[in-house]
Participant: 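Have a look at this one before I ask anything.
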Amino acid sequence: MASIKGSGRRGIALHTSLIAGVLLSAFPFYWAVIMSTHTSSEIFSYPPKLLPGSHFAENVRHLFDTVDFFGSMANSLLVAAVVTFLVLFLDSLAAFVFAKFEFPGKNALFALLMLIFMVPAQMAAIPQFVIMAKLGWIGSMTSLIVPAAANAFGIFWMRQYMRSAIHDELLDASRLDGANFLRQYWHVALPVVRPGLAFLGIFTFMSQWNDYAWPLIALTNPDNVTLQVALSQLNGTHGTTDYGMVMTGAVLALIPLLIVFAVGARQIIGDLAKGAVRG
């Protein structure tokens, strides 16, 4: 009886701490939404306002008048969606080779990949800009998509996932059935590693959506920018910053990320649950 009571107390303490953690994590989002409904003077008033205001529609209207919000959002959606698709395909294909096949120079090539993984992205900005300029891609979305089409982190992540998730017996059985490399990849590997792909897709989409430095450098046309660059133009546009408008733009920019996260997280949880039932 004492052990049951003790486990009950531990369960209550665990759930209480988890609820507290969720509330603390959600508060910045709640605060951003609240600020988007107030004017700048109300945001800096004391005591701070914790309830929604009545200026959200005004802030939205001011935001749309100041920047091309939907045009820049369409640019960000295009770049993030195409890059995510390419990363999922190319990185998983390369990872499948590294994880389940042997070839000369495999370890040396993977070590080189890890060295690239450790190089900060800022160090590659200048040579990357020079290459894009020589190809004539500066100012176009191609300069954002092609350099990000594959990355070392995605290959490393999917390789580690595939090594444990894909059993050699599955591949041996598919070879006996006459499956070639692409059929093994498409029909055997991908269905097994969908949770890993879902995580990589969420991570890649969020990274591309929030990227600011490289689009600011590569997109030289101010009328053809991504959403993060457009939102940065709201700071001090008229000498003073309208923080209500800025927070409105930030809140609206979060909506696609929340949708992608919800869809991807549902995929991860659903596949893990199916695996648990089969187990």
Side-chain angles (χ1 to χ4, degrees), residues 79-132 134-135 137 142-211 213-214 217-218 260-261 264-265 267-268 271-272 275:
V79 172
V82 173
V83 169
T84 300
F85 172 79
L86 292 175
V87 166
L88 290 179
F89 174 67
L90 296 176
D91 284 11
S92 62
L93 190 64
F96 184 50
V97 175
F98 276 116
K100 293 299 175 179
F101 294 89
E102 297 295 333
F103 56 90
K106 171 183 173 180
N107 294 332
L109 187 59
F110 189 73
L112 178 61
L113 186 70
M114 290 298 95
L115 289 176
I116 296 174
F117 181 30
M118 292 184 288
V119 175
Q122 292 79 4
M123 293 185 62
I126 295 178
Q128 188 169 286
F129 182 86
V130 172
I131 294 173
M132 294 297 105
K134 289 185 177 181
L135 292 174
W137 291 348
T142 309
S143 63
L144 305 184
I145 295 173
V146 173
N151 59 71
F153 168 75
I155 298 174
F156 171 75
W157 161 252
M158 291 307 303
R159 171 187 177 269
Q160 298 303 107
Y161 196 94
M162 288 179 173
R163 290 183 66 182
S164 59
I166 303 174
H167 299 291
D168 294 334
E169 292 80 4
L170 287 174
L171 296 178
D172 293 338
S174 65
R175 293 190 190 99
L176 291 176
D177 289 338
N180 57 20
F181 170 77
L182 288 179
R183 289 190 63 186
Q184 291 177 46
Y185 165 75
W186 190 258
H187 295 289
V188 179
L190 289 188
V192 176
V193 299
R194 283 190 300 181
L197 288 173
F199 168 79
L200 181 59
I202 294 173
F203 178 83
T204 303
F205 189 93
M206 293 180 67
S207 298
Q208 292 301 313
W209 184 266
N210 292 323
D211 191 16
W214 178 242
I217 297 172
V260 170
F261 182 81
Q267 178 68 42
I268 294 173
D271 285 340
L272 292 179

Participant: Is the count of non-hydrogen atoms from other residues, nucleotides or ligands lying under 6.0 Å from Tyr185 atom OH greater than 12?
Facilitator: yes

Participant: Does atom CZ of Phe117 have more than 12 heavy-atom neighbours from other groups under 6.0 Å away?
Facilitator: yes

Participant: Can you sort out the partners of Glu102 under salt bridge (Lys or Arg N to Asp or Glu O under 4.0 Å), two or more places apart, ordered by chain and number?
Facilitator: Lys106

Participant: Within this structure, what is the CE-OG1 distance for the pair Met206 and Thr84, rounded to the nearest 0.5 Å?
Facilitator: 11.0 Å

Participant: Atom CZ of residue position Arg175 - does it have more than 12 heavy atoms of other residues, nucleotides or ligands inside 6.0 Å?
Facilitator: yes

Participant: Apply ring pair (Phe, Tyr, Trp, His ring centres under 6.0 Å) to the pair Phe101 and Phe181, showing each step before the final yes or no.
Facilitator: CA-CA 10 Å; Phe101 294 89; Phe181 170 77; 5.4 Å; yes

Participant: May I ask you to test the Leu197-Met158 pair for a side-chain heavy-atom distance under 4.5 Å?
Facilitator: yes

Participant: Got a second to check how far Asn107's CG is from Leu112's CG, nearest 0.5 Å?
Facilitator: 12.5 Å

Participant: What orientation do Phe98 and Phe103 show, parallel under 30°, tilted 30 to 60°, or perpendicular over 60°?
Facilitator: tilted

Participant: Restricting to non-hydrogen atoms, name the atom on Ser174 and the atom on Val188 that form the minimum distance, rounded to 0.1 Å.
Facilitator: CB-CG2, 3.9 Å

Participant: Give me the atom names and distance for the closest heavy-atom approach of Leu144 to Gln208.
Facilitator: O-OE1, 4.5 Å

Participant: I need the Gln184 CD to Asp177 CG distance, nearest 0.5 Å.
Facilitator: 10.0 Å

Participant: Taking the side chain as every heavy atom from C-beta outward, state whether Met162 and Ser92 have any pair of such atoms under 4.5 Å apart.
Facilitator: yes

Participant: For Arg183, which residues count as a salt bridge (Lys or Arg N to Asp or Glu O under 4.0 Å) partner, sequence neighbours excluded?
Facilitator: none

Participant: So which atom in Ala189 and which in Ile166 form the shortest heavy-atom distance, rounded to 0.1 Å?
Facilitator: CB-CD1, 3.5 Å

Participant: Please report the interatomic distance CZ(Phe156) to CG(Asn151), rounded to the nearest 0.5 Å.
Facilitator: 12.5 Å

Participant: Check Leu200 against Gly154 and note the closest heavy-atom contact, atom names and distance.
Facilitator: CD1-CA, 3.7 Å

Participant: Please work out which of the three classes, parallel, tilted or perpendicular, describes the rings of Trp214 and Phe129, given edges at 30° and 60°.
Facilitator: perpendicular

Participant: Could you tell me if the side chain of Met132 sits less than 4.5 Å from the side chain of Pro147, heavy atoms only?
Facilitator: yes

Participant: Roughly how far apart are Ile155 CD1 and Phe96 CZ, rounded to 0.5 Å?
Facilitator: 14.5 Å

Participant: Can you establish whether the number of heavy atoms outside Ile126 located under 6.0 Å from its atom CD1 is more than 12?
Facilitator: no

Participant: Can you name the nearest heavy-atom pair linking Thr204 to Val87, along with the distance?
Facilitator: OG1-CG1, 3.7 Å

Participant: Any chance you could lay out the ring pair (Phe, Tyr, Trp, His ring centres under 6.0 Å) test for Phe203 and Trp157, step after step, and finish with the verdict?
Facilitator: CA-CA 11 Å; Phe203 178 83; Trp157 161 252; 9.3 Å; no

Participant: Testing the basics here: between Pro191 and Arg194, what is the closest heavy-atom pair and its distance to 0.1 Å?
Facilitator: O-NE, 3.6 Å

Participant: To the nearest 0.5 Å, what is the distance between CG (Leu135) and OG1 (Thr142)?
Facilitator: 10.0 Å

